[in-house]
Amino acid sequence: MKLFNKKKSDGTEMIGRSMGQETWRRLKKNKGAMMGIAFLILLFIGTALASIFYDYDKDIIGMTRDRFMAPSWQHLFGTDNMGRDIFARVIYGAKYSLFISFGSTLIGLIVGLFLGAAAGYYGGLVDNIIMRLTDIFYSIPYIMIAVVVVSILGTSMSSLLFAMALGTFCNFARIGRASVMTVRDMEFVEAGRAIGLPTWKIILKHILPNCLSAIIVQTTLKVGSNIISASSLSFLGVGITPPTPEWGAMLSDGRSYIRSSGWMCLFPGLAIMLTVLALNLLGDGLRDAMDPKLKR
Amino acid sequence: MENVLEVKDLVVRFDTDDGIVRAINGISFSIGKERTLGLVGETGAGKTTTALSILNLVPDPPGVISNGSIILDGKEILEMSEKELEHMRGNDVAMIFQDPMTALNPVMTVGDQIAESVMLHEKISKEDAMTRAKEMLEMVGISGSRATDYPHQLSGGMKQRVVIAIALACHPSLLIADEPTTALDVTIQAQVLALIKELIDKNQMSMLMITHDLGVVAEVCDDVAVMYAGRIVEIGTADEVFNHTLHPYTEGLFDSLPNLRQRGEDLVPIKGLMPDPMHLPEGCSFNPRCPYATEECQKKLPELKLVNGTHYVACGRYAEPQFRIRRNPDGK
Amino acid sequence: MFRYILKRIIILIPTLLATSLLIFWAMDLAGGDPVDQILPENATFEQKAALREEMGLNDPFFIRYFRYIGGILKGDMGESYITHRDVFQTFMGRLHMTLLLGGSALIFACIISIPLGIYTALHQNTWKDTAAMIVALFGVSMPNFWLGLMLILLFSLKLGWLPSGGTGGFKYLILPAVTVGLGLAALLTRTTRSAMLDVLRQDYMTTAKAKGASRNRVIYNHGLRNAIIPIITAIGMQFSYVMTGSALAETVFGWPGIGRLVVDSINKRDTPMVTGSIILCCVLMAVINLAVDIIYAFCDPRIKAQYSGKG
């Protein structure tokens, strides 16, 4: 509508600033996104320091022999059935959740975008085969995918990573395909082809930057949902298994003692929720900052 | 002469996150019975906001009608209750929208959309309303059997005819047409315009025709108001404004028109762009683009002054008795 | 419309074949030697070879695959290595429990989320909207199995109002359904809100107002009828979430559904049970997705018209 044109008045001042700077300027105003970033940075630093300065087996397991202690000043989150300090385990275990979710999202991103871009660019049979495959993986719940992968590879970090990447790539394939399709026939791509640029260069130089904001937003949100997925799988016993202090595995342990020691279930779950919340806040903030038209 | 609509000192602004947008800054005009007023101006001059104000449909928030009065058949619209407004909309004043592609509800049949308008204002059964809807479709030149079609099954021109049928379904006394032909192909434009004109005459209605196309104005309007940056800068009968142009901006609009008879002649575009309604220039809003502007124009906001008969102009230069613009060397 | 449904079913067949092939192949890689699992540890080499021959395990992969597919068509998917019960029967015997749980969760989620989404869209940027959106954001950030544990902690152990697991009457359904439903409700509230906000901006809403339609009529008759289309899409896309959520809630609450069945079977390395259950789950998802698409087509005349031979 015409009313909209009038309101959009910062058009002139935007010129001269890069997209990244402009996004950052808008993102800074978003309190939720800033809180999310702060939390994530703290978590990264915390888990990095814990890994550098403490030896898990010696320091964290061997800290105390008092089992099932309720939260206190000495043990902020209490201790578990083996007398391990839950706060220490949660901080130390953050690296597993973060590594698996970032890792699987990254693999899914690269594979998915590549397949999606190829499908969108070549169309026809290639498109059909790739997208049907994507549809299959999209419609199977990730738990089922993970169950199959784990039955082949056994329970390990790498099989979990692989299973989650399989559940992730289809989202990015769809984004990749959609953005290639929209720009494929645009004139600047035609022009690139006319001056003889090779296909992969066209995709890399002209098409990827066009879907960058969608990719960044989707990546942020997907890392969050993959943290939940990874912990769910560990909880079911098809992901990372105890005694590794992965959050889902800790919850799986805690479930047996829920009647007497509820805190064993409370804190690892809170850690998952807050981390995912931080990522979601950041993702929502990025979406609003990158595409102010979509702001609601 | 009795007026159907009288707008006085209307001020509308939009309070947005980025600042206050001054869309309409004190405009006054009236429309006589069975007369058509053309409201002319560039995109962003505040024409659509004016139209929405008359229906009291300015989106709020962020829109605020902060001053003025709009009197329709002797009643103040801005003081009406929600019930009275609902009764007025569609029944007394109806509107044709700019883009027929988006103005129709995609999940309702066009027949239902016309019938809805009838049923809202008359105690009438669903079947009778549908019959009326079909009659309306026939009236705008579409077969009644298409009443069960959905908008996506119709062409752009046909959609605009449906929009017209919706607007006229309850025989309103005033029709607001907001750039009704802008989104259509040239050949379809002429058809739709002819149809509107014919229906207005037949139903003895008044009309506010909003357009940026002076050709459309010449075709259908009795009176013309020229709008710039939320103000009316010149208003009068079509003859007065076309043949005795007074305002430099109106002159600019005429100069921007290609003349088919003198193809060799250069176009004279108005230099520059419409000012940002968030930061209107001091003094006369048109002064940065005006070829006649003086220092005085940057300081003082000109008021709309009667020049001749019913012809008003808002230009500070006419304070000088000998001031003339190129197009109208007589100044009459 | 009939042609559309038929066409969709025809497309479904190769997809399901490809899916089952993929799963069968994967499980074939994974399976290990079933003979070792069936026969006692002290079985002789000859006994093993004889059983292998009898089960057709020496046949080429594709022969075994097609034999398997042929079996499915007859409702025969082999029997469990562990319990020796028929896979198809076992799955079907548990299916209704998962459908009950998933269905209740979905209904619970819709009852909360659609009105709340509309309300927040209409009151955009008020404190009520902000508060509801913050709660919804917490809702989508929460792992639902953890929510289940917390609900047990509060309502079963602290307050003693509801059972912490097992099956029985309606009482036993409440906590599992809320566990699956709350996350879903949070997600759908966000979708409904943004779909509604999108629709509120549309020109046809102004047209309806200009006709003299009341605020409620404009919102519900014109707005919701359009917004419902993306909402249905969103619900359709969440079935795999419901399925996953059910599997987790089944574990937390000891609810005997198919999710629990799959997880138990994998832990016991019961290959025929895992293969069969997963293939049947995929069939189930495909059928649900098809149903959603048909409902979707009925709500959106643009799609409906495409297949009714008119326009």
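Every chain is numbered from 1, with letters handed out A, B, ... down the list of sequences. Because only heavy atoms are used, hydrogens play no part in the values below, and waters and symmetry mates are left out as well, while side chains stay in.
- Closest approach of C:W146 to A:L266, counting heavy atoms only: NE1-O, 3.3 Å.
- Of the residues considered (C:T244, C:T251, C:V274), C:T244 shows the highest number of contacts with chain A, using heavy-atom pairs under 4.5 Å.
- When all heavy atoms of C:C281 and A:M144 are compared, the pair lying nearest together is SG-CE, 3.5 Å.
- Of the two parts of C:L16, neither the backbone nor the side chain holds a non-hydrogen atom closer than 4.5 Å to a non-hydrogen atom of chain A.
- The 12-atom threshold is exceeded at CZ of A:F137, counting heavy atoms of other residues, nucleotides or ligands nearer than 6.0 Å.
- Within a 6.0 Å sphere centred on CE of C:M150, heavy atoms belonging to other residues, nucleotides or ligands number more than 12.
- With a threshold of 4.5 angstrom between heavy atoms, C:F145 approaches chain A through side-chain atoms but not through N, CA, C or O.
- In this structure the side chain of C:V262 never reaches within 4.5 angstrom of the side chain of A:I143, judged on heavy atoms.
- Listed here is the closest heavy atom pair of A:I272 and C:P143: CG2-CG, 3.4 Å.
- The shortest non-hydrogen separation linking A:P141 to C:S240 is CB-O, 3.9 Å.
- In this structure, no portion of A:I145 lies under 4.5 Å from any heavy atom of chain C.
- For chain C, the option among A:F235, A:Y142, A:Y138 with the highest count of heavy-atom pairs below 4.5 Å is A:F235.
- The shortest side-chain heavy-atom distance between C:R190 and A:D284 falls under the 4.5 Å cut-off.
- Of all the listed residues (A:S231, A:G224, A:G237), the one sharing the greatest number of non-hydrogen pairs under 4.5 Å with chain C is A:S231.
- In this structure, the separation between CD1 on A:I136 and SG on C:C282 is 8.5 Å, given to the nearest 0.5 Å.
- Both the backbone and the side chain of C:V140 come within contact range of chain A, judged by heavy atoms closer than 4.5 Å.
- C:L137 contributes atom CG, which lies 5.5 Å from atom CG of A:N280 (distance to the nearest 0.5 angstrom).
- Interface residue C:M243: only side-chain heavy atoms are found under 4.5 Å from chain A.
- Within a 6.0 Å radius of CZ in A:F39, more than 12 heavy atoms belonging to other residues, nucleotides or ligands are found.
- Proximity to chain C involves both the backbone and the side chain of A:V147, based on heavy atoms less than 4.5 angstrom apart.
- Counting only heavy atoms from C-beta outward, the side chains of C:T15 and A:D135 never approach each other to under 4.5 Å.
- What you find for C:A247 and A:L236 is that their closest heavy atoms are O-CD2, 4.4 Å.
- Both the backbone and the side chain of C:L149 come within contact range of chain A, with heavy atoms under 4.5 Å apart.
- Remark: C:L22 CG to A:I140 CD1 distance equals 7.0 Å, nearest 0.5 Å.
- Scanning both residues, A:R255 and C:V252, for their nearest heavy atoms gives NH1-O, 3.4 Å.
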